Each structure stands twice: as structure tokens, then as C-alpha cells.
Amino acid sequence: MIKTFSDKIKIPVTKPFLPPIEEYQNELQKIWKRNWLTNNGPVLKLLEKSISEKLALNSEIITVNNGTTALQLAFKALDLKGEVITTPFSYVATTSSLVWEGLKPIYVDIKQNDFNINENLIESAITEKTTAILATHVFGVPNNTKVIKKIAEKYNLKVIYDAAHCFGAKNSDGSVFDLGDISITSFHATKLFHTVEGGALFTQQKDIAKRIRLMRNFGHDGPTNFSGIGINGKMSEIHAAMGIVNLRYINSIITSRKSAYNLYKTLLDEQKFNFQEIPDNIAYNYPYFPLLFEDEVKAISAQKELFNKEGIQTRRYFHPILSELDYVEANSSLNIARDISSRILCLPLYADIDSRYVELICNYLNSNF
Ligand SMILES: *Cc1c(COP(=O)(O)O)cnc(C)c1O
């Protein structure tokens with residue numbers, strides 16, 4: 001029997017990992033006994049410590065209630081003003097959070113091979129209003145952080161990485177979360193490690209970490225003392241408990257995704273399709289399977305036909321490019337981002353996806369496109 005989300009979708013593009021319910025219940029029972037549901041509780045503290053150990057972080061970790069809050073807190077904690085150089089090829093939150101915080105996104109085109117911001121184009125986009133660079137490690141592939149760091153130092157800019165896809169990803173220096181002034185991630189249900197809703201910030205700067213901790217809790221510095229402005233960015237004990245349990249499964253989640261990913265790569269016809277380039281010197285975490293078709297017409301018709309004929313869901317991820325949003329200034333360049341975004345589809349990938357589905361999808365795509 002094929003498990004279905006709805007009658008139409010037989011194979012979803014993603015599926016949240018759920019641990020054995022007894023394990024979660026066990027954690028909930030402890031919370032019930034303690035009667036401590038939020039406000040920097042013991043489960044949250046344990047989650048922060050466990051993630052930090054699991055990923056061998058050099059940074060401090062500050063968990064929050066979602067990845068978008070993490071982005072907003074990052075901009076506030078670094079006192080960003082004016083313009084921020086960013087990528088047009090990312091999830092909407094990468095741009096919407098900037099605009100929400102009164103910052104102006106300035107887009108720089110991406111690279112054909114790994115879909116990340118083209119670091120060689122950053123310098124020419126810098127003006128006297130620029131205060132930061134915000135780059136996404138697209139689909140878990142790290143940016144050229146050495147070059148970005150050099151540019152930031154030269155122009156005295158802050159660097160923030162949207163590492164929402166990067167749980168478990170490493171480069172030669174260790175966890176990708178250690179990069180930049182601040183890295184943020186998301187623990188949303190569809191990410192490969194999740195707390196249902198959740199996120200975190202990572203920084204090696206103690207004063208910034210302290211500031212973020214105050215800001216996520218209204219600025220509370222004691223019951224009646226406030227140290228600056230804050231918001232409510234706290235993660236609850238109930239959410240943290242899901243993280244504690246899911247963390248036990250993260251190795252097997254990544255291993256399982258890896259085998260599905262590799263099967264796609266082996267079976268799909270390289271003459272017809274292009275893939276994101278994964279560098280050899282990284283520990284990759286297999287968060288998505290993006291596929292580039294020859295053109296937009298083929299990508300759209302593949303999406304429709306896979307769905308109509310087989311109930312297979314795919315996603316135009318990321319589409320549209322972020323400079324097309326109606327609340328940002330239009331930008332007619334960004335040709336590579338525009339091109340990639342027009343012909344990319346993410347194929348179904350989640351832990352324990354049945355390899356027969358992967359075979360079916362590959363056979364179908366190879367023989368029809
Ligand atoms: C998921 C995601 C976010 C937003 O995270 P939430 O936890 O859903 O708020 C931001 N950026 C990227 C690249 C994402 O994939």
C-alpha cells in the first residue's frame with residue numbers, strides 16, 4: 001500500500017520525519033511532570049547542548065521559534081542599516097526578512113554550477129550604504145566563504161549566512177554553521193532536522209550571542225530589567241523535545257536520503273539533465289534533489305505530467321527569483337538566476353523514500369524529456 005497525503009498526491013516532494021511516537025511521549029511525560037513549558041527550559045538547554053556537541057560547533061547556538069525570526073534577529077543584533085547584498089535565488093524569507101526589517105536587498109547574480117551567489121560580482125554592487133552580505137548556502141552547498149570574508153573585511157561589512165538547508169553539512173573547516181558573523185538555520189518540519197517549527201542562530205562572537213539571547217526574550221535581563229529592545233523568539237519545551245528525539249535519528253535520516261539521492265544521480269540521463277555541482281571537499285547532507293531541464297517548457301510539462309499521470313509531486317524551487325517580488329525594486333539583469341529558476345524542479349526526496357518511486361520517476365523523465 002502506498003501511503004498518501006491526499007488522494008491525488010501519491011508521492012510527495014517532501015515528507016516530515018516523524019520518530020516513534022512512544023519516544024516523543026516519553027519526553028512529553030517528563031515535561032508534564034516538570035510543568036515547565038517554555039522560557040529557556042531544561043529541554044531547550046539540552047537541545048542546544050546536544051546540537052552543539054553533535055555538530056562539533058565552535059559557535060554558540062541560540063535556538064528560536066523559526067528560521068525567519070532567526071534572520072530578523074541576526075540583522076537587529078548586527079545593527080544593519082541601508083543596503084544588504086543578497087542572492088535572488090533562495091526561499092522568500094531570505095528577502096522578506098530584510099524588507100520587514102527596513103533593509104534594502106541588492107541582488108547579485110548566481111553561479112551556473114552551484115546556484116550560490118557569484119562572489120566575483122559582489123564587489124561591484126557595494127555602495128556607501130552597504131552594511132552586509134546575506135548569502136544562502138543553496139541546497140546545502142557552502143558558498144565561497146573565504147572570498148566573501150575577504151570582501152567583507154575590505155569594506156567593513158557584516159556577513160550573514162542563511163544556512164537553512166545545512167544541518168550536518170561541513171566544509172574542510174567543520175560545520176557550515178560556524179561561518180560568517182552569524183549563520184542562521186531553520187528547524188521547520190520539512191527540513192532534514194526539525195522541531196516542527198524552529199530555528200537557530202550561530203555566532204562565535206560572545207557579545208553578539210549575548211545580545212541575541214536578550215533579544216529573543218523581550219530584552220529581559222532579569223524580571224524587571226530590560227537591556228534593549230527585544231521580541232518573543234523563544235522555542236517551547238514541546239518543540240525542543242521533538243528536536244531531542246529527532247536528533248537521535250539524524251545519521252540514519254542523512255544516510256537514507258543519500259542513497260535515494262545517489263540513485264537519482266545514477267539513473268537520470270546526464271545527456272538530458274543537469275545537476276547542482278557538489279564539491280568533493282564537503283560533507284554533503286542531501287537536503288534536496290534539484291534537477292535542471294533543458295528549458296522552462298520541459299520543466300513545466302514534466303511537473304504537470306508527473307503529477308497527472310503518477311501523482312508525483314515536484315516543486316519549482318526556487319521560483320520566482322526574489323527580485324520579482326512586488327515589494328522589492330525590479331532588476332532586469334540576474335540572467336543566470338532567472339534561467340536556473342525557470343527550468344529547475346526539485347524531485348521527491350525524504351528519509352525512507354521507496355527506491356521503486358525513484359526508479360519510476362527516473363524512467364519516466366528519461367523516456368519523456
Ligand atoms: C526554510 C527556509 C527559511 C525559513 O525558515 P522557517 O523556519 O520556515 O521560518 C529561510 N531560508 C531558507 C533558504 C529556507 O529554506
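Note that this is a predicted model, so its numbers are computed, not measured. When a ligand or atom number is given, it counts from 1 through the structure's own listing order. Positions are given from 1 along the sequence.
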- Do His194 and Phe17 make the cut of ring centroids closer than 6.0 angstrom? no
- Test Tyr364 against Phe369 for side-chain contact (heavy atoms from CB on, under 4.5 Å), laying out the working first. CA-CA 8 Å; Tyr364 189 80; Phe369 291 93; 4.3 Å; yes
Show me which atoms of ligand 1 lie under 4.0 Å from any heavy atom of [X].
X      : answer
Asn66  : 7 (O), 9 (O)
Ser90  : 13 (C)
Gly198 : 7 (O)
Gly67  : 5 (O), 6 (P), 7 (O), 9 (O)
Tyr317 : 15 (O)

Report the nearest protein non-hydrogen atom to [atom]: residue, atom name, distance rounded to 0.1 Å.
atom                    : answer
atom 3 (C) of ligand 1  : Tyr91 CD2, 3.8 Å
atom 11 (N) of ligand 1 : Asp162 OD2, 2.7 Å
atom 9 (O) of ligand 1  : Thr68 OG1, 2.6 Å
atom 12 (C) of ligand 1 : Ala164 CB, 3.4 Å
atom 15 (O) of ligand 1 : His165 NE2, 2.9 Å
atom 1 (C) of ligand 1  : Lys191 NZ, 1.7 Å

- Taking the side chain as every heavy atom from C-beta outward, state whether Pro105 and Tyr107 have any pair of such atoms under 4.5 Å apart. yes
- Message: Within 45 degrees of the ring normal and closer than 6.0 Å to the centroid, is that where the cationic atom of Lys265 sits relative to Phe275?
- Response: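 Yes, Lys265 lies over the aromatic ring of Phe275.
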- Specify whether His165 and Phe318 have parallel, tilted or perpendicular ring planes, treating 30° as the upper limit for parallel and 60° as the lower limit for perpendicular. parallel
- Message: Does the plane of the ring in Tyr91 sit parallel, tilted or perpendicular to the ring in Tyr317? Use 30° and 60° as the thresholds.
- Response: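 Aromatic pair Tyr91/Tyr317 classed tilted.
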- Query: Any N/O of Tyr288 closer than 3.5 Å to an N/O of ligand 1?
  - Reply: no
- Query: Partners of Asp178 by salt bridge (Lys or Arg N to Asp or Glu O under 4.0 Å), sequence neighbours excluded?
  - Reply: none
- Select one of side chain, backbone, both or neither to describe which atoms of Phe89 lie under 4.0 Å from any atom of ligand 1, heavy atoms only. neither
- Task: Between Glu197 and ligand 1, find which residue part has any heavy-atom pair under 4.0 Å and reply side chain, backbone, both or neither.
- Result: neither
- Item | Contacts of His220 that satisfy side-chain hydrogen bond (donor to acceptor under 3.5 Å, both in side chains) - sequence neighbours left out |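 Scan of His220 (side-chain hydrogen bond (donor to acceptor under 3.5 Å, both in side chains), adjacent residues dropped) gives none.
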- Task: Taking only Lys NZ, Arg NE, NH1 and NH2, and the carboxylate oxygens of Asp or Glu, determine whether Glu329 and Lys104 approach each other closer than 4.0 Å.
- Result: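 Answer for the salt bridge query: yes.
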